[in-house]
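Only one structure is covered here, and it is reproduced in the block below.
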Number of protein chains: 2
Amino acid sequence: MIFDENSCPVTATMKVLGGKWKAILINAIYHTSPARFGELRRSVKGITQSMLTSQLRELEDDGIINRKIYAEIPPRVEYTLTEFGLTLSPIILSMADWGKQYKLKKKKQD
Amino acid sequence: MIFDENSCPVTATMKVLGGKWKAILINAIYHTSPARFGELRRSVKGITQSMLTSQLRELEDDGIINRKIYAEIPPRVEYTLTEFGLTLSPIILSMADWGKQYKLKKKKQD
DNA sequence: CGGGATCCCTAAGGATACTG
DNA sequence: CAGTATCCTTAGGGATCCCG
């Protein structure tokens, strides 16, 4: 069997939620919907403004999240998962599950 | 709610199957078990020997795959998923599923 | 408040040659 | 056959400053 990087659907998924921040951002928006920009910046520990902006844009381009702008002063922007983004939740939730098991396993090794 | 990079189980999972090759390698070994080194090098298109070696080592260190060495000439090494590695299959399979939907969606956008 | 623009640096990834 | 060992390139990520 041939596993081509460009045709592999698993790799396609990894491109969408890969990198250091996307999975955690999807998870955060999933639990904090709607989520404001500053709210995410505070709750997602360690992320910089520029990374938060760029990752949110890429998620938006991929159809995972919605960006709703309110014409107010001061400005307000709210992020929510799209319907398509919600189809990721089984993956995110099972990843969260597995991550917990993995941490337990790691502790035993020490 | 606080989402800490170091405590987030989703991030922990991403560290295990993140990067360019690990998810596709797990998928490949899942479908080609036991998988020999050269076999993987041929079937996983585009991967180099050094990347294949390093990624397999990291997966082994994480307890995802087994590495069985046969004391033969010429040498033979077989890789299989561990029991713990098999617990990843729901994630991998749902990622494969989702990736297909994502590709369909992308095509429509063009 | 929610960004954009710019510059910078490390680490992930890749190419090549050699070996038990 | 299944790797090591080196060297090299790039892009992911980060810091800082500026703006409507």
Side-chain angles (χ1 to χ4, degrees), chain A residues 3-6 8 10-11 13-26 28-29 32-62 65-80, chain B residues 3-6 8 10-11 13-26 28-29 32-62 65-80:
Chain A
F3 300 93
D4 188 340
E5 175 195 351
N6 296 320
C8 176
V10 174
T11 302
T13 305
M14 286 305 295
K15 283 189 180 165
V16 174
L17 41 79
K20 188 173 176 179
W21 297 110
K22 287 192 182 166
I24 197 173
L25 273 178
I26 295 172
I29 297 177
T32 325
S33 188
R36 296 188 59 175
F37 185 89
E39 190 177 15
L40 287 172
R41 188 164 54 76
R42 280 189 303 275
S43 65
V44 178
K45 291 300 178 189
I47 196 169
T48 60
Q49 290 176 343
S50 49
M51 282 311 292
L52 181 53
T53 301
S54 70
Q55 302 304 290
L56 287 172
R57 281 309 132 77
E58 292 185 19
L59 289 174
E60 190 189 359
D61 291 343
D62 283 329
I65 62 175
N66 268 316
R67 181 164 177 266
K68 187 170 185 181
I69 307 167
Y70 293 84
E72 304 174 353
I73 304 289
R76 179 157 60 114
V77 179
E78 285 183 352
Y79 294 93
T80 53
Chain B
F3 300 94
D4 188 339
E5 173 196 353
N6 296 320
C8 176
V10 175
T11 302
T13 304
M14 286 305 295
K15 283 190 181 166
V16 175
L17 41 79
K20 188 172 178 181
W21 297 110
K22 287 192 183 168
I24 197 174
L25 273 178
I26 295 172
I29 297 178
T32 325
S33 190
R36 297 189 58 175
F37 185 89
E39 189 177 16
L40 287 171
R41 188 164 53 77
R42 280 188 304 275
S43 65
V44 177
K45 290 301 179 189
I47 198 169
T48 60
Q49 290 178 341
S50 48
M51 283 311 292
L52 181 53
T53 300
S54 69
Q55 302 304 291
L56 287 173
R57 281 307 133 79
E58 292 186 20
L59 289 174
E60 191 188 358
D61 291 343
D62 283 329
I65 61 173
N66 269 315
R67 182 164 175 264
K68 187 170 184 182
I69 308 167
Y70 293 84
E72 303 175 353
I73 302 292
R76 178 158 61 113
V77 178
E78 285 183 353
Y79 294 93
T80 53

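Chain letters run A, B, ... following the sequence lines, proteins first and then strands; every chain starts at 1. These numbers come from a predicted model, not from an experiment.
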Nearest-Å distance, [atom1] ([X]) to [atom2] ([N])?
X	N	atom1	atom2	result
B:Ile47	D:dG3	CD1	P	12 Å
A:Met51	D:dA11	CE	P	15 Å
A:Leu52	D:dG14	CG	P	12 Å
B:Leu56	D:dT4	CG	P	10 Å
B:Tyr79	D:dC1	OH	C1'	11 Å
A:Leu25	D:dG12	CG	C1'	15 Å
B:Ile73	C:dG20	CD1	P	13 Å
A:Glu5	C:dG13	CD	P	11 Å

Categorize [X] for me: base, sugar-phosphate, or nothing, with a 4.0 angstrom heavy-atom threshold over every strand shown.
X	result
B:Ser54	nothing
B:Arg41	nothing
A:Tyr70	nothing

Here the gap from B:Ser54 atom OG to B:Ile47 atom CD1, rounded to the nearest 0.5 Å, amounts to 7.5 Å

Atom OG1 of A:Thr53 and atom CD of A:Gln49: how far apart are they, to the nearest 0.5 Å? 7.0 Å

Of B:Pro75 and A:Arg76, the one whose closest nucleotide on DNA chain C sits nearer the 5' end is A:Arg76

Name the closest nucleotide to the [X] side chain, picking from [options].
X	options	value
A:Gln49	D:dG3, C:dG3, D:dC1	C:dG3
B:Ser50	D:dA5, D:dG14, D:dG3	D:dA5
B:Arg67	D:dG14, D:dG3, C:dG3	D:dG3

Respond yes when some side-chain nitrogen or oxygen of [X] is under 4.0 Å from OP1 or OP2 of [N], and no when none is.
X	N	answer
B:Lys20	D:dA11	no
B:Arg57	D:dG3	yes
B:Trp21	C:dG14	yes
B:Arg36	D:dA2	yes

Under the 3.5 angstrom rule, does the side chain of B:Thr32 hit a backbone N or O of B:Ile29 as a donor-acceptor pair? no

The single option from A:Glu60, A:Glu39, A:Arg67 that satisfies side chain to side chain donor-acceptor pair (under 3.5 Å) with A:Tyr79 is A:Arg67

Provide the closest heavy-atom pair for B:Glu78 versus B:Tyr70 in the form atom of the first, atom of the second, distance. OE1-OH, 3.1 Å

